[in-house]
Amino acid sequence: MAKPAELASTKELIEKYIRRNGVPSIWCPGCGIGTVVGSMLRAIDHLRLRQEDVVIVTGIGCSGLIYNYLRFDGFHGTHGRALAIATGIKAANPRLHVVVPMGDGDCAAIGGNHFIHAARRNIDLTAIVINNQIYGMTGGQSSPTTVQQSRTSTAPRGHLERPFDVCELAKGAGATYIARGVTSNPIQLADLLERAMAHKGFSVVEVLSQCPVQAGRRAGRSEPWEMLQWLKGVTVSAKRGTDDVSLGKFITGELLKEDAPEWTEEYDKLIAIAGGRS
Ligand code: SF4
């Protein structure tokens, strides 16, 4: 991996990485997905990854459209299967940097099994879980990360079930890099994504994000700035520690980083033996 570069301007990032024929995007004004994409591009650029070495794999939902707008090779998979497809791409060509942005429903509901097994295998992929705590594209239904008492289209009187903690789930399943960012702090988010992409092994960055249209509207926060203010209020940086101030809040920052065997190159050797290449 090349030495980190100086930060590019937003204009330079747009010119280099955004497909002109893809915009305007389908995302609603004020949606957090655009902020996540911006931080992801900044991380890729700062790491000086070659565009031809990066593959973006997505599933279904609003975040599933991310790859459409970017100048990378990409794959728009089926619902919940982005990590399975990404695993195949990485196994076929270990040289590639495979980045997998997913929504919370995509990752933790229909794709939950793929998520825990990708973590268990410690395959060298980066999963970005854009957690807006709702199914946005399909009409605002509760997802596995919906906060209790929030109103959704399937829980108009308030959601009763407990939510998954995506980072704890990843930790329990064996991911070797885990971080949580928030769209109200895109600079911290870019830094966390850069660290995740530089990590050798399965890395997960959960991003608390805003869906003003489906989640915000039902919570009385339909303006994007109201959602960003809310996100700021419910998060606290890991650097502050877990004191009274942080109780009941989402901790942001790097939560886990450990070295463990990563098997992509070993799989590649086995594939070569099986295929008579060595
Ligand atoms: S429905 Fe929500 S998540 Fe989907 S684009 Fe609109 S604001 Fe974003």
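All ligand and atom numbering here is 1-based and tracks the order in the structure.
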A student comparing Ser209, Cys28, Cys62, Ala215 should find that the heavy atom closest to atom 6 (Fe) of ligand 1 comes from Cys28
Applying side-chain hydrogen bond (donor to acceptor under 3.5 Å, both in side chains) as the test, list every pair that has at least one member in residues 58-86; sequence neighbours left out.
Arg81-His114
So Phe202 and Phe115, would you call those rings parallel, tilted or perpendicular, with 30° and 60° as cut-offs?
perpendicular
Verify salt bridge (charged side-chain N to carboxylate O under 4.0 Å, His left out) between Asp191 and Arg42, making sure each step is shown before the conclusion.
CA-CA 9 Å; Asp191 179 54; Arg42 200 164 282 290; over 6 Å; no
State the atoms of ligand 1, each with its element, that fall below the 4.0 Å cut-off from a heavy-atom position in Cys31.
3 (S), 5 (S), 7 (S), 8 (Fe)
As an exercise, state the distance from OG of Ser143 to CD of Gln214, rounded to the nearest 0.5 Å.
12.5 Å
Of all protein heavy atoms, the one nearest atom 2 (Fe) of ligand 1 is Cys211 SG, 2.3 Å
Option with minimal heavy-atom separation from atom 1 (S) of ligand 1, where the choices are Pro212, Ser63, Gly136, Ser25:
Gly136
Tell me whether Asn131 contacts the main-chain N or O of Gly103 through its side chain, where contact means a donor paired with an acceptor under 3.5 Å.
no
Which residue supplies the protein heavy atom nearest to atom 3 (S) of ligand 1, what is that atom called, and how far is it?
Asn132 ND2, 3.4 Å
